Colleague: 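Here it is, the structure, as structure tokens.
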Amino acid sequence: MAAAKKVRNIILVGLMGSGKSTVARIIGKKLGWQVCDLDRLITEKAGITIPEIFAGKGEAYFRRLEKELLATVLQQGEHLVVATGGGAVIDEENRRVMKENGTMVYLRAEIKDLCRRLGKGKGRPLLAGGEPEEILAQLAREREAFYREAQVIVDTRGLTPAAVARQVITAVFQDAGEKGF
Ligand code: S3P
């Protein structure tokens with residue numbers, strides 16, 4: 001039997017509204033692991049909100065902060081549950097850092113469910129100035145292949161956040177050949 005590898009960190013990826021932050025909090029509680037919300041870290045570091053960063057400094061500046069903080073958090077930390085922003089996967093090096101420093105988990109969701117949760121997209125600059133459903137469908141097309149690089153994929157359709165969290169934990173520890181808890 002192959003030796004069990006240790007699960008270092010759990011990193012959740014997926015489109016806006018897929019439940020990454022909520023599910024990360026539940027997993028953190030269940031495993032007794034620290035939870036890290038990357039969007040929150042970015043706003044703390046910048047001292048302004050995400051819409052303000054996009055409007056005042058531009059998306060490229062946001063992506064630089066996102067990349068820097070993701071690498072810092074993952075290279076230093078162990079037993080972290082990280083909720084990334086939906087676009088963190090666009091960058092190839094980000095994807096490598098996530099896979100090398102933990103288990104990358106894709107929370108797959110239906111566009112109609114994302115729309116229902118996000119409403120008019122308050123606080124999400126990428127959804128401003130357009131039809132959220134169309135924008136999300138376009139982002140899904142652009143990013144699906146990146147999300148699918150995750151070691152674990154969980155289909156969240158019809159599941160509560162608690163059920164998603166349970167599936168993530170089971171799949172992540174199965175992937176590592178390790179017992180969860
Ligand atoms: C983004 C998703 C957002 C946030 C920013 C950009 C994206 O995070 O990082 O608005 O590019 O999909 P959530 O996925 O937590 O909404």
Side-chain angles (χ1 to χ4, degrees), residues 9-28 34-74 80-98 102-150 152-157 159 161 164-165 168:
N9 298 298
I10 296 175
I11 306 114
L12 304 181
V13 302
L15 282 170
M16 298 172 241
S18 56
K20 301 177 296 282
S21 302
T22 308
V23 170
R25 278 195 298 275
I26 299 172
I27 295 173
Q34 200 186 324
V35 176
C36 168
D37 196 300
L38 202 59
D39 281 346
R40 184 175 293 173
L41 276 190
I42 294 168
T43 54
E44 279 169 13
K45 171 121 186 179
I48 48 177
T49 65
I50 291 178
E52 284 166 349
I53 300 174
F54 270 70
K57 299 179 182 275
E59 181 172 349
Y61 175 84
F62 175 83
R63 298 293 173 204
R64 275 202 300 281
L65 270 187
E66 181 174 58
K67 182 170 184 161
E68 184 187 311
L69 288 168
L70 178 70
T72 306
V73 160
L74 285 178
L80 289 178
V81 190
V82 181
T84 61
V89 295
I90 299 168
D91 185 277
E92 188 183 353
E93 205 180 312
N94 284 354
R95 301 197 298 278
R96 186 183 55 74
V97 165
M98 291 191 251
T103 309
M104 176 176 162
V105 180
Y106 172 28
L107 301 187
R108 214 201 70 80
E110 299 291 304
I111 301 290
K112 67 170 175 26
D113 291 329
L114 300 176
C115 287
R116 186 172 36 75
R117 292 189 204 121
L118 292 166
K120 293 199 174 75
K122 192 171 171 286
R124 262 83 173 199
L126 291 184
L127 297 184
E131 191 48 58
E133 187 165 353
E134 278 169 26
I135 297 170
L136 284 163
Q138 177 62 29
L139 290 175
R141 280 192 292 275
E142 288 168 13
R143 296 175 179 175
E144 182 69 10
F146 300 146
Y147 291 135
R148 287 199 169 271
E149 286 188 22
V152 165
I153 299 175
V154 171
D155 189 345
T156 66
R157 200 173 4 173
L159 298 181
V164 174
V168 170

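As the structure is a prediction and not an experimental result, all values here were calculated from the model. Every number for a ligand or one of its atoms is a count from 1 in the order of the listing.
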Colleague: If you look at every heavy atom in P125 and P51, which pair is closest and at what distance?
Modeller: CG-CA, 4.2 Å

Colleague: Give the residue, atom name and distance (to 0.1 Å) of the protein heavy atom nearest atom 2 (C) of ligand 1.
Modeller: G86 N, 3.4 Å

Colleague: Below a 4.0 angstrom heavy-atom separation, can you tell me which part of L38, side chain or backbone, both or neither, approaches ligand 1?
Modeller: neither

Colleague: Please tell me whether E66 and Y61 have a donor and an acceptor in their side chains that are separated by less than 3.5 angstrom.
Modeller: no

Colleague: May I ask you to list the atoms of ligand 1 that are less than 4.0 angstrom from any heavy atom of R124?
Modeller: 16 (O)

Colleague: Is E110 atom CD crowded by more than 12 heavy atoms from other residues, nucleotides or ligands, each under 6.0 Å away?
Modeller: yes

Colleague: Give, for atom OG1 of T103 and atom CG of L12, the distance between the pair rounded to the nearest 0.5 Å.
Modeller: 10.5 Å

Colleague: In terms of atom number and element, which parts of ligand 1 are under 4.0 angstrom from non-hydrogen atoms of I50?
Modeller: 10 (O)

Colleague: Should one rank R63, M16, E59 by closest heavy-atom distance to atom 11 (O) of ligand 1, which comes out on top?
Modeller: R63

Colleague: Angle class for the F62/F54 ring planes (parallel below 30°, perpendicular above 60°, tilted otherwise)?
Modeller: tilted

Colleague: Is it the case that ligand 1 has an N or O less than 3.5 angstrom from some N or O of R143?
Modeller: yes

Colleague: Within a radius of less than 6.0 Å around CD of E44, do more than 12 heavy atoms belonging to other residues, nucleotides or ligands occur?
Modeller: yes

Colleague: Of the options I153, V89, V152, which is the one that meets M104 in a side-chain contact (heavy atoms from CB on, under 4.5 Å)?
Modeller: V89

Colleague: Which of the atoms in ligand 1, numbered in the order shown and given with their element, are less than 4.0 Å from a heavy-atom of P125?
Modeller: 10 (O)

Colleague: Under 4.0 Å from a heavy atom of D39: give me the atoms of ligand 1 that qualify, with their elements.
Modeller: 3 (C), 4 (C), 8 (O), 9 (O), 13 (P), 15 (O)

Colleague: Quick one: which ligand 1 atoms are inside 4.0 Å of a heavy atom on L126?
Modeller: 7 (C), 11 (O)

